[in-house]
Q: 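Before I ask anything, here is the structure I am working with.
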Amino acid sequence: MGVAAKIAPSMLSSDFANLASEAQRMLDCGADWLHMDIMDGHFVPNLTIGAPVIESLRKHTKAYLDCHLMVTNPLDYVEPLGKAGASGFTFHVEVSRDNWGELVQRIKSKGMRPGVSLKPGTPIEEVYPLVEGEYPVEMVLVMTVEPGFGGQKFMPETMDKVRALRKKYPSLDIEVDGGLGPSTIDMAASAGANCIVAGSSVFGAPDSAQVISLMRKRVEEVQKNY
C-alpha cells in the first residue's frame, strides 16, 4: 500500500482579498490541504504572509494548513505559527543545517507536523539525516522551481530527487511544489511524489475540481504499485 495522495492548492495563487472563501472553494473542489507560502523577503526576494494571516484564516476553516517557510530564521516562526493554528511547518534545509534537531522538536511541541524543503540546486543527500535522525521530519518538499514566485516552469530534472527519496523511504510523504498541473502531474506521480502543490493550474482553471481530481487520480494510480 502506497502513501496517500494529498492535493494542496497553493493559496499564493488565490484572491487574497477573499482568502476565507477561496479556501472554502478549494476544499469544496476536493483539496486535501491548503498550501500556505510564508516568505520573508530575505531568503527569497518576495514577501508574502505571516502568522497573522494564518490566524485569521484558521477562524474560518478546520483545513490542514500546510505552511512552507521560505525564511532565513525558521526558529523565529515556530511559536507564532503554532499559536496561529498552522498544521504543518516545512522549513528549508539550506538555513537549518546547524539546528534542525532543535527546530523539529520545537515544531512538534507546538502541535505542528515538521517537514523539510530543498531548492532545486541542493543535493538530495542533505535531507537524509533529517529523515533518519533522532528527531525526524515527517515530509520532504522537493522544490520543482526556484522558490519565491508563483507561475514558474516545472523543472523535470528535479524528479531524480523524488525518485531517490521514494526508493529510499517507501512510506515517506514526498511533496512537490512548482509548475504542477495536468501537463506535469504524470512526471511527478511516476517519480513517487504523493503530495502535490498546485497554484495557477488550479486557480486559473475553468474547472478547479476537475484539475484536482485528475491530479489525485494520477497519484493514486502510481501509489497502488508501491
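Just so you know, residue 1 is the first one in the sequence shown, and it goes up from there. Here the structure is a predicted model, which means the values were calculated and not measured.
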Q: What distance separates Gln24 CD from Cys29 SG, expressed to the nearest 0.5 Å?
A: 10.0 Å
Q: How about Phe91 and Ile107: do any of their side-chain heavy atoms sit closer than 4.5 Å?
A: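 A side-chain contact exists here, since the closest heavy-atom pair is under 4.5 Å.
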Q: Is there side-chain contact between Leu69 and Phe89, with at least one heavy-atom pair below 4.5 Å?
A: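 Yes. Closest side-chain heavy atoms under 4.5 Å.
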Q: Evaluate side-chain contact (heavy atoms from CB on, under 4.5 Å) for Val53 paired with Phe16, printing each intermediate quantity in order.
A: CA-CA 10 Å; Val53 174; Phe16 268 33; 5.8 Å; no
Q: Other residues, nucleotides and ligands only: do more than 12 of their heavy atoms fall within 6.0 Å of CG on Asp28?
A: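 Yes.
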Q: Less than 4.5 Å apart, any side-chain heavy atom of Met36 and any of Leu57?
A: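 The answer is yes, as the side chains (C-beta and beyond) meet within the 4.5 Å cut-off.
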Q: Measuring from atom CD of Glu55 to atom CG of Leu81, what distance do you get when rounded to the nearest 0.5 angstrom?
A: 10.5 Å
Q: Asp66 vs Lys6, test: salt bridge (Lys or Arg N to Asp or Glu O under 4.0 Å). Steps then yes/no.
A: CA-CA 11 Å; Asp66 176 36; Lys6 298 176 188 83; over 6 Å; no
Q: Does Gln210 have more than 12 heavy atoms from other residues, nucleotides or ligands lying within 6.0 Å of its CD?
A: no
Q: Assess whether salt bridge (Lys or Arg N to Asp or Glu O under 4.0 Å) is satisfied between Arg25 and Glu22, documenting all intermediate values.
A: CA-CA 5 Å; Arg25 180 166 75 89; Glu22 289 276 72; 3.0 Å; yes
Q: Would His42 and Asn73 count as a side-chain contact (heavy atoms from CB on, under 4.5 Å) if you check the C-alpha gap in whole Å, the side-chain angles of each, and the deciding distance to 0.1 Å?
A: CA-CA 10 Å; His42 186 263; Asn73 298 304; over 6 Å; no
Q: Counting only heavy atoms not in Lys168, do more than 12 fall under 6.0 Å of its NZ?
A: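 Atom NZ in Lys168 is packed in, count exceeds 12.
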Q: Using a 4.5 Å cut-off on heavy atoms from C-beta on, say whether the side chain of His92 contacts that of Met70.
A: yes
Q: Quick one, His60 with Leu19, criterion side-chain contact (heavy atoms from CB on, under 4.5 Å). Give me CA distance, side-chain angles, the key distance, then yes/no.
A: CA-CA 9 Å; His60 298 274; Leu19 197 56; over 6 Å; no
Q: Less than 4.5 Å apart, side chain to side chain, heavy atoms only: is that true for Leu12 and Met39?
A: yes
Q: Walk me through whether Glu79 and Lys110 qualify under salt bridge (Lys or Arg N to Asp or Glu O under 4.0 Å).
A: CA-CA 7 Å; Glu79 180 131 352; Lys110 298 298 176 188; 3.6 Å; yes
Q: Would you give the length of the straight line joining atom CD1 of Ile185 to atom CD1 of Ile7, rounded to the nearest 0.5 angstrom?
A: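 The CD1 atom of Ile185 sits 6.0 Å away from the CD1 atom of Ile7.
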Q: Run the numbers on Val3 and Gln223 for side-chain contact (heavy atoms from CB on, under 4.5 Å), then give the verdict.
A: CA-CA 7 Å; Val3 286; Gln223 286 298 324; 3.5 Å; yes
Q: Any side-chain heavy atom of Pro74 within less than 4.5 Å of one from Val71?
A: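 They are in contact (side-chain heavy atoms under 4.5 Å apart), so the answer is yes.
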Q: Are a donor atom and an acceptor atom from the side chains of Asp37 and His35 found within less than 3.5 Å of each other?
A: yes
Q: I'd like to check Tyr77 versus Ile38 (side-chain heavy atoms, cut-off strictly below 4.5 Å). Are they in contact?
A: yes
Q: Table please: side-chain donor-acceptor pairs of residues 119-128 below 3.5 Å, with sequence neighbours left out.
A:
from	atom 1	to	atom 2	distance (Å)
Thr122	OG1	Glu94	OE2	2.5
Glu126	OE1	Arg97	NE	2.8
Glu126	OE1	Arg97	NH2	2.8
Glu126	OE2	Arg97	NH2	3.4

Q: Are a donor atom and an acceptor atom from the side chains of Tyr135 and Glu102 found within less than 3.5 Å of each other?
A: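 No donor-acceptor contact under 3.5 Å links the two side chains.
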Q: Report yes if the side chains of Pro9 and Ile212 come closer than 4.5 Å at any heavy-atom pair, otherwise no.
A: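 Heavy-atom side-chain distance check passes, below 4.5 Å.
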Q: Running the 4.5 Å side-chain criterion over Ile, Leu, Val, Met, Phe, Trp and Tyr, what cluster does Met155 land in, apart from itself?
A: none
Q: Rounded to the nearest 0.5 Å, what separation is found between the CD atom of Glu175 and the CE atom of Met139?
A: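 The CD atom of Glu175 sits 4.0 Å away from the CE atom of Met139.
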Q: With no hydrogens and no angle check, is any side-chain donor or acceptor of Ser208 less than 3.5 Å from a backbone partner on Phe203?
A: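 No; judged by distance alone, with no hydrogens or angles, the pair does not exist.
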